[in-house]
Each structure stands twice: as C-alpha cells, then as structure tokens.
Amino acid sequence: MWAADASGPVQVDDLRCEYAVNPIGLDVPAPRLSWRLISGRRGERQTAYQIQAATTPDHLQSGRPLLWDTGRIISDRSVQVAYGGPRLKSRQKVYWRVRVWDKDGRPTPYSALAHWEMGLLDPADWKAGWIGYPEGWPGRPLYFRRDLRITKEVRQARAYVAGLGYYELRINGQRVGDHVLDPGWTDYSKRVLYVTYDVGGMLRQGNNAIAAVVGQGRYGMPKLLLQVEVQYADRTAETIYTRGGHGAMSWRVTSGPILASSVFDGETYDARLEKPGWDSPEGKLPPPSDRTEGWTTAVPVEPPGGRLIAQKLEPIRVVQTLSPVKLSEPKPGLAVYDTGQNLAGWAELRVSGPRGTRVTLRFAENLYPDGTVNQENLRKAAATDVYILKGEGLEIWEPKFTYHGFRYVQVEGLPQRPTLDHIQIKVVRSAVEAAGKLETSNDLINRIQKMVWWTEASNLHSVPTDCPQRDERQGWMNDLTVRLEEMILNFEVPRFLTKFLDDVRDTQQADGAIADTVPFRWGQRPADPVSASFLLLAWLPYEYYDDTRLIQEHFDAFKAWVDFLWSKTQNGIVTYGYYGDWSPPRAFAVGGLLGIGANSKDTPERLMSTGYLYYSARITAHMASALQRPKERARYEEIARRVAEAFQREYWNEKVGGYGANNQAANSFALYLGLVPKERVPRVVENLVKDVESNGFHLTTGNLCTKYLLEALSEHGRSDVAYRIATQTTYPSWGYMLDNGATTLWERWEHMTGGQMNSHNHPMMGSVSAWFYRHLAGIQPDPEAPGFRRFLLKPQPVEGLDWVLGEWRSPYGLIRSSWRRTEKGLAWEVVVPPNSAAEVWLPAARGKRVTESGRKLEQAEGVRRLKEHGDALVLEVSSGSYEFTIE
Ligand code: BGC
C-alpha cells in the first residue's frame with residue numbers, strides 16, 4: 001500500500017472520515033476528511049485539492065447534483081479537512097471523492113469513492129424505549145426477542161442498539177457484527193454509546209426473529225434499547241423498536257443458560273438450559289399468556305440517564321486466537337494450560353462428556369511452586385468461568401460478558417484426559433490498529449518492546465485500564481500521563497482517545513475538578529494534580545494527528561482544571577497530591593495515602609503536583625496559541641511563570657545543585673519540564689548522572705519519573721546513560737522483570753505474587769517504549785507543524801547497538817528510520833511520506849564524509865543543509881526515501 005513506482009504519477013488513497021474507513025452511524029456535524037498521497041517521487045506534495053460529495057454514487061460520477069464541491073482549493077492540507085456542505089441530517093449517506101494537484105501543479109485522477117453515513121442526531125429520532133425485567137434474575141443476563149414478518153423486498157436496514165452493560169444482538173439465529181463487550185464503557189448516567197449496524201443482509205421475506213442477550217457488564221441490571229429501521233424496495237419503511245408492555249409490539253424476555261456473569265468474577269453457563277431456536281423464527285415464541293420457559297413480557301425500565309451518543313471508536317473484538325503452548329497436570333484431575341503470554345481475553349473450551357459435567361476454568365497470572373494457579377493478586381476478582389455440559393457431542397463454548405487478564409488457565413473437571421486441544425485462547429481488546437514498529441540489534445530491547453506492546457494491548461478496553469485482571473481495571477489518570485505517548489506510538493488511537501477525553505469531561509465538576517479514575521469509580525475527586533493526562537489527551541493528538549478539534553472542544557474545561565489547581569496553591573505551591581511518583585523501587589518508597597508502600601520516600605507529592613501545574617499551565621498556553629487566543633495564552637504563561645518561580649524557591653538546593661532531595665525523580669522532572677534555568681542545567685544533569693551511577697545504573701523512579709529520567713538524559717546528551725538504565729538486567733529494571741518470567745510489565749519493580757498490590761500486567765512503567773521510538777529511532781513530532789506535517793528524525797546511535805529500525809504510521813503515511821553501523825560509520829535509511837517533510841539530524845556527522853544514495857549532499861535531490869548542532873549535521877528533507885551514509 002505504501003510502495004509506489006518512483007516515476008509514476010501521484011495516487012490518492014486511504015480516504016478516511018473521522019479517522020475511519022467508510023463509517024456509518026456518525027454524529028459529528030462536520031466530519032473531517034483525510035487522504036494520503038502515494039508517490040515514490042522525492043519532494044512530492046499536494047499544491048491543491050478538490051473534494052466532491054453527493055448523495056448517490058451516480059450523482060458523483062455524473063457530477064450532478066452535487067451536495068458539496070470545494071472546487072480547486074489551493075492548499076497542501078490533506079488531513080483534517082472539515083466537511084463544508086449543507087447541514088447533514090440523521091441517517092444521511094454521503095459519497096465523496098478527492099483529487100489533488102501534485103508539486104508540479106498536475107491534477108491526479110479522482111480517487112475511488114468513499115462514503116459515510118450519519119446516525120441518529122436528534123433525540124426525537126429514537127422511537128425506542130429502554131426495556132428490561134425489573135424483578136431481575138440478579139446477575140443473570142436477559143434474553144430478549146421480538147418477531148417481525150416481512151412481505152416485501154428489503155432495500156436497506158439499520159439497527160441502532162445500546163444494551164447495558166453489554167449486549168449481543170442476534171437476527172434469525174445469527175450474531176450481528178463481531179463486537180464483544182459492547183458498547184464501550186462510559187458513565188452511563190452521562191453518556192451511553194449506541195452502535196449502528198447494517199443488517200440489510202440478515203433480514204428475509206417471511207418470519208424474522210430479532211433478539212438480544214444483555215449482561216450486566218459494568219452497569220447492573222441489564223437493559224436494552226434497540227431500533228431497527230427497514231427500508232423496502234417499494235420505498236416504504238418500517239421501524240421495529242423496543243418498548244415495554246403488552247400488545248402487538250411487545251417484546252418478550254427470559255433468562256437463559258448464562259447463570260451468572262460478572263466482568264471481574266467470570267461467567268457460569270449451564271448448557272442444559274439452552275433454548276434451541278430462542279433467537280430464530282424456527283423456534284416459536286410462546287404467546288404472551290404463556291410463560292413457558294420463563295418467557296414473559298419485557299417492561300419499560302428507567303433509562304440509564306445519559307445522552308445517546310454514536311460509538312465512534314473501534315469496538316472491542318477478539319483480535320487473535322492462540323493455542324496454549326504447554327499443558328501440565330500438577331494434580332490428578334487438574335490441568336494447567338500455559339498460553340506463554342500474559343494477555344487479556346478468555347478461553348474457548350472444547351469438550352465432550354456426560355450431561356451435567358461441570359468444568360471450571362480459573363485464570364491467573366502466576367503459579368504456585370506446585371504448578372497450580374495462584375490467584376492471590378487478583379484480590380476479590382474470582383476470575384473463574386464454569387461450563388456445565390449438556391452432553392451432546394462436542395461442545396464449544398466461550399463466555400460473553402466477562403474477560404480475564406491471565407497467562408495460565410487451570411481447568412478442573414474435564415471428563416477426558418486433558419489435551420492441548422481442549423482450549424483456545426482468545427485475545428480481546430479495543431481493535432485499534434498497530435501504528436508503530438521498533439526493532440534493534442539488541443534482543444533485550446526487542447523483548448522489552450514486546451512486553452510493553454502486550455501490556456498496552458491488554459489494557460485497551462474502550463477505556464485505558466490500569467490492569468486487566470484484578471478487581472480494579474480502572475482508567476487511572478495518573479498512569480495515563482506517562483502512558484499516552486507510548487500508546488500513540490504503538491497503536492492508532494485517535495478515536496479511542498477522543499472517546500476517553502469525553503469520559504474525563506463527564507467526571508468534571510463545576511469547580512473544574514476532574515477525578516482520579518475515569519469513569520469515576522476509584523480514587524479521589526479532585527484528581528491528583530499529576531493527572532496532566534487530561535490535557536495531554538488533546539495536546540498529543542494535536543502534535544501527532546493535527547487534531548485541533550479536541551483542543552477547541554475542551555479548551556474551557558482544561559482552563560477550568562488548571563484554574564482549579566491554581567486555586568489550590570499557597571505561594572505558588574500546590575498544597576495537595578496523593579500518589580506523586582507512584583510505585584518506585586521498595587527502598588525508595590513509604591506507606592503513603594493507601595499505606596501500601598508505593599508512595600515515594602524522597603519525592604514529595606507537592607513537588608510533583610506543583611511541577612504538573614506548571615506543565616498543565618504551559619500546555620494550556622500552547623493550546624491558546626494554537627487557537628489564536630492571545631489573552632488566554634498570556635494568562636496561562638503568567639500562571640506558569642509564577643509556579644516556576646515558586647518551584648525554584650521551594651525546591652532548588654543551591655548547595656547540592658539539585659531539586660528536592662536531589663534524587664533522580666526530582667531532577668529529571670525539573671529538566672523534562674524545562675524548569676531548570678540554563679545556568680543550572682549542567683549541575684543538575686551532572687547530579688542526575690551521578691545518582692544513576694551511584695545506583696549502579698539503576699533507576700530509583702516510580703511510574704511518572706521513569707519517563708522523565710530517560711527523556712531528560714537523552715535531551716541533555718546522555719543517551720548512553722539512559723541506554724544503560726533501559727538495558728539493565730538486575731533489580732530494578734525491565735530486564736529483571738523479563739528474567740523473572742514477565743511477558744507483560746509489572747506494577748512494582750519487585751517480583752511479588754501475594755494478595756497485595758502487584759499486578760503483572762500494568763502499562764504505567766511502559767514509557768521506555770516511547771523512549772525507544774523517540775531516541776533510538778529518533779522519530780519525534782514538531783509541535784510547530786502538527787500532525788507530522790513536518791517532523792524530526794533525531795536518532796542516537798548509542799554504544800552497544802548495531803542497528804535500529806523504527807516505523808510509525810503518521811497521518812501522511814509510513815515514516816521509517818532505519819540505521820546500522822557500517823565498517824566506517826553509519827548507514828541510515830529514512831522514509832518521509834508524501835506531503836510531509838522532516839528535519840533530519842545526522843548523528844556525529846560533523847566533519848565526516850556524508851553522502852545520500854552515493855551522492856554528495858549538495859547534489860542530493862530533496863535535501864537542504866540547515867545547520868550544525870553539536871556534532872550533528874541538521875538537514876531539511878522533503879518527502880521520499882533516502883539512504884544516508886556517514887563515514
Ligand atoms: C492503580 C495504579 C494507580 C494507583 C494510584 C492503583 O490501584 O492500579 O495504576 O497508579 O492505584 O493510587
């Protein structure tokens with residue numbers, strides 16, 4: 001897809017609307033469009049574009065009537081172009097195409113057609129009401145059904161559905177779509193996500209059964225809202241919708257084989273209670289008066305309260321199926337499967353045996369020395385699934401409304417001798433695409449990268465959770481502050497983050513306070529001031545995707561949060577903080593708020609809080625500039641200035657030349673924030689390096705400052721030291737985790753397995769992966785040219801590495817930075833996508849012989865010398881592929 005004939009003309013491809021390919025059910029009034037230029041020519045860029053949109057493909061082909069035609073717009077913009085045609089209506093479908101003019105002013109042919117479709121924009125579009133069964137079968141999912149007789153040809157049909165906690169929609173015995181654990185988790189009293197499906201192909205002439213299973217999920221008593229809109233070939237239409245009570249339109253409800261279902265505890269399924277045909281027209285629904293098999297009339301129930309919003313992020317899906325790698329039988333009748341990888345998901349059981357046999361699956365991250373599963377660190381989460389056989393040959397079962405974080409599955413009660421075939425592992429997460437790739441000549445780095453990748457992947461569950469396994473699984477804002485950049489480099493998350501920022505907004509109070517966890521279930525409100533993730537949720541998408549809408553939409557909310565923090569200062573110092581640089585190595589920790597020995601002993605919470613107020617005020621000022629709001633910019637710069645002053649006054653120690661306790665956390669944090677006055681920088685950096693050395697090249701930092709430690713060292717020319725920390729194998733380090741069997745990151749630097757806080761799949765220490773991309777491969781955004789319109793390539797070929805390959809899918813296309821040592825120096829392959837440009841820092845190139853594809857730099861096309869900086873040679877490089885050598 002990215003390759004193109006070097007001499008061929010430009011092509012326009014990968015048309016997207018609100019980051020998605022041909023989305024349906026959108027509720028964005030002016031959707032933003034983007035496309036990519038495919039070209040092998042150096043310096044290729046767009047000089048103009050034209051978009052055309054129409055209501056049918058025919059209108060677009062024939063050019064009339066058009067809904068919107070931009071005409072030729074002289075602009076290099078190929079991302080985030082907002083639709084500017086007439087106001088879009090509910091359900092409206094729009095077809096569009098685009099052509100561009102290349103660098104020489106030649107037009108390309110039009111792209112292939114793309115389309116999007118609007119969802120239900122007006123609350124009045126909803127005829128459906130929420131239904132349920134108020135007396136409950138507590139903990140048990142509800143099974144709903146209604147029949148529909150169709151006598152005409154169906155032209156199109158859409159289902160709009162919101163089932164809380166989680167639903168599975170079924171038509172005529174078939175599952176609709178491939179979402180699981182849907183819809184995404186929100187504060188349902190504020191926002192409920194509805195999902196739009198194209199179900200035209202599933203309905204048929206004759207009898208149809210429309211059915212749904214709804215489990216409690218993260219909500220409580222199951223509730224269903226469903227509207228199926230059918231358009232017939234004869235231009236008539238019909239809408240089937242949920243509504244409680246008796247009559248011809250009534251919905252029926254019953255219980256079923258899922259006896260108990262809980263996100264944390266697991267699912268119990270009794271296959272003997274299956275009602276074959278319950279969801280298909282072949283299975284007859286008993287008449288309303290007949291309560292056979294528990295069928296009864298669904299009743300109207302209290303709506304969850306939140307506004308209905310279209311689900312625009314990638315759904316959670318089964319993204320991968322794995323076979324376990326090992327089976328052991330530590331005790332008779334007890335089989336323990338090892339998946340070889342800590343992950344989030346569940347197991348599919350394949351079993352045959354006598355009716356009534358009870359098979360139990362226990363999920364865990366750890367094993368006891370005797371080989372049985374150790375679930376202690378899951379705390380109150382039972383993480384146990386139970387399947388009771390119906391005894392009819394091979395039975396294949398997987399749960400619907402729970403998920404587990406695990407590496408091991410202990411299966412008890414198998415009626416046969418256990419074999420590897422008895423279970424399959426389903427990997428489950430928000431189905432975002434991978435965005436980056438990072439490989440090096442050092443296998444330890446590759447293993448750390450893989451460990452971070454799996455950890456992040458395990459914790460994308462419509463909310464960025466802290467862990468996938470124990471009785472918690474919360475969207476902790478403190479962790480997110482240092483997770484976001486790593487997440488963006490590894491996964492394509494603009495839609496995921498957009499949704500989550502709305503979730504954060506739902507926690508914000510009139511005084512500006514947001515909450516520690518989102519949706520707010522754990523921790524405190526006001527949140528710990530370290531939750532700069534709130535602003536970074538918009539600022540990083542601005543830097544990485546050129547998304548200004550998030551800044552626009554949330555700017556007042558960001559201001560309110562910063563104002564709130566400012567109101568909590570005394571002489572410029574923030575007076576509260578709970579977690580600070582959380583979970584440092586044990587010797588550097590104390591009891592703290594939760595009394596579990598995870599607060600930093602040396603880094604005061606107030607120091608962290610004050611630094612973060614400075615950081616947050618600075619980001620707000622930058623946002624104000626991006627929005628061209630000079631007054632606000634001045635105001636937040638002034639707050640930042642005053643906080644910076646207070647920080648110096650309170651925490652600078654002239655005698656030792658460092659901040660706070662002159663420890664790694666405080667010094668690297670101050671450096672990262674740019675809080676250290678120029679003349680003090682050398683002393684602080686020296687102190688930082690000394691501290692690292694005196695700890696035997698080990699870190700002493702917690703979740704937050706681990707990021708800043710590596711970043712600050714690299715920013716100040718000491719990537720060699722950062723590299724030694726990153727590749728350390730003794731405690732505390734990532735290598736130590738790996739040597740102790742970790743396949744995902746731990747929550748503590750220590751190896752612990754007891755009943756306390758010690759998740760083994762916790763992304764907060766994963767910022768090291770962002771450091772790999774940013775400093776080993778050197779891929780960095782330039783905030784002056786957001787969205788990688790222009791970016792930096794600034795790798796640091798540290799001692800110990802022979803080669804590094806880094807890639808990232810920018811909005812303009814794939815970026816590559818791939819260097820390797822040669823006999824005489826360095827060879828570096830660089831790919832800059834069409835319509836973008838890079839500032840390329842050739843490392844240690846000053847005074848060396850530098851060539852590009854065998855030519856002197858002066859003769860290389862697309863290359864311009866900018867400056868020399870330290871021992872680097874800095875070039876401006878236009879789009880294309882380049883081969884630099886330095887010798
Ligand atoms: C979460 C952490 C979070 C911490 C803050 C823990 O329970 O798992 O990720 O940083 O709480 O107190």
Side-chain angles (χ1 to χ4, degrees), residues 185 263-264 342 344 365 376-381 383 404-405 452 455-456 458-461 463-484 486-487 500 503-504 507 514-534 536 576-586 588-601 603-606 608-609 612 665 669 701-708 737 742 744-750 752-768:
W185 179 26
V263 170
F264 297 112
N342 197 328
E365 298 185 297
E376 283 176 45
N377 72 333
L378 310 186
R379 303 190 306 216
K380 289 192 208 72
H404 311 293
V452 176
T455 314
E456 193 54 67
S458 307
N459 284 287
L460 298 170
H461 276 256
V463 159
T465 55
D466 60 332
C467 57
Q469 74 295 73
R470 67 182 178 210
D471 57 354
E472 186 160 1
R473 314 186 198 179
Q474 300 295 316
W476 276 96
M477 292 293 284
N478 60 335
D479 301 0
L480 195 61
T481 296
V482 289
R483 236 177 107 179
L484 274 170
E486 168 271 306
M487 190 196 291
F500 190 65
D503 293 337
V504 185
T507 74
I514 57 165
D516 266 344
T517 56
V518 175
F520 183 32
R521 299 272 176 98
W522 283 55
Q524 320 274 325
R525 183 163 58 190
D528 191 307
V530 305
S531 306
S533 44
F534 183 29
L536 293 173
Y576 82 101
Y578 321 124
Y579 320 112
D581 189 28
W582 184 249
S583 202
R586 253 305 163 68
F588 302 90
V590 283
L593 178 80
L594 305 178
I596 42 182
N599 281 75
S600 170
K601 158 170 91 63
T603 319
E605 283 75 34
R606 288 177 176 205
M608 295 303 296
S609 299
Y612 274 108
F669 188 42
T701 45
N703 61 350
L704 304 173
C705 291
T706 294
K707 177 176 175 74
Y708 308 136
M737 293 186 193
T744 44
L745 296 157
W746 300 339
E747 180 177 24
R748 321 281 309 233
W749 292 110
E750 294 76 28
M752 291 165 69
T753 55
Q756 277 255 328
M757 163 187 155
N758 67 85
S759 147
H760 285 235
N761 193 343
H762 223 79
M764 69 190 186
M765 303 297 190
S767 54
V768 62

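All ligand and atom numbering here is 1-based and tracks the order in the structure. Values below: all heavy atoms of this structure, side chains included; hydrogens, waters and symmetry mates excluded.
- Residue-ligand proximity: Gln524 is placed with every non-hydrogen atom at 4.0 Å or more from ligand 1.
- Counting atoms of ligand 1 from 1 in the listed order, those under 4.0 Å from a heavy atom of Tyr579 are 5 (C), 12 (O).
- Contact between His762 and ligand 1 is present, with at least one heavy atom of the residue lying under 4.0 Å from the ligand.
- Side-chain contact between Leu480 and Met487 is present, with at least one heavy-atom pair separated by less than 4.5 Å.
- Looking at Glu365 and Asn761, their side chains never bring a donor and an acceptor atom within 3.5 Å of each other.
- With Trp476 as the partner, the ring-ring contact (aromatic ring centres under 6.0 Å, His included) test is satisfied by one option alone out of Tyr578, Tyr579, Trp582, Phe520: Tyr579.
- Side-chain contact between Asp581 and Asn703: present, with at least one pair of heavy atoms (C-beta onward) separated by less than 4.5 Å.
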Under the salt bridge (charged side-chain N to carboxylate O under 4.0 Å, His left out) criterion, do Arg379 and Glu472 qualify, and how do the steps go?
CA-CA 9 Å; Arg379 303 190 306 216; Glu472 186 160 1; 2.8 Å; yes
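- What you find for Met477 and Ser533 is that their closest heavy atoms are O-OG, 2.7 Å.
- Contacts of Arg473 with ligand 1, taken as heavy-atom pairs under 4.0 Å, are absent altogether.
- Taking a cut-off of under 4.0 Å to the non-hydrogen atoms of Glu472, the atoms of ligand 1 that pass are 1 (C), 6 (C), 7 (O), 8 (O).
- Proximity of Glu747 to ligand 1 is established by a heavy-atom distance of less than 4.0 Å.
- Numbered from 1 in the order shown, with element, the atoms of ligand 1 that lie under 4.0 Å from a heavy atom of Asn478 read 3 (C), 5 (C), 10 (O).
- In this comparison of Thr465, Leu480, Asp479, the heavy atom closest to atom 10 (O) of ligand 1 sits on Asp479.
- Listed by atom number, the atoms of ligand 1 under 4.0 Å from Asp466 heavy atoms are 1 (C), 8 (O), 9 (O).
- Of the N or O atoms in Arg379, none lie within a sub-3.5 Å distance of an N or O in ligand 1.
- The nearest pair of heavy atoms linking Ser583 to Met764 is CB-CE, 3.8 Å.
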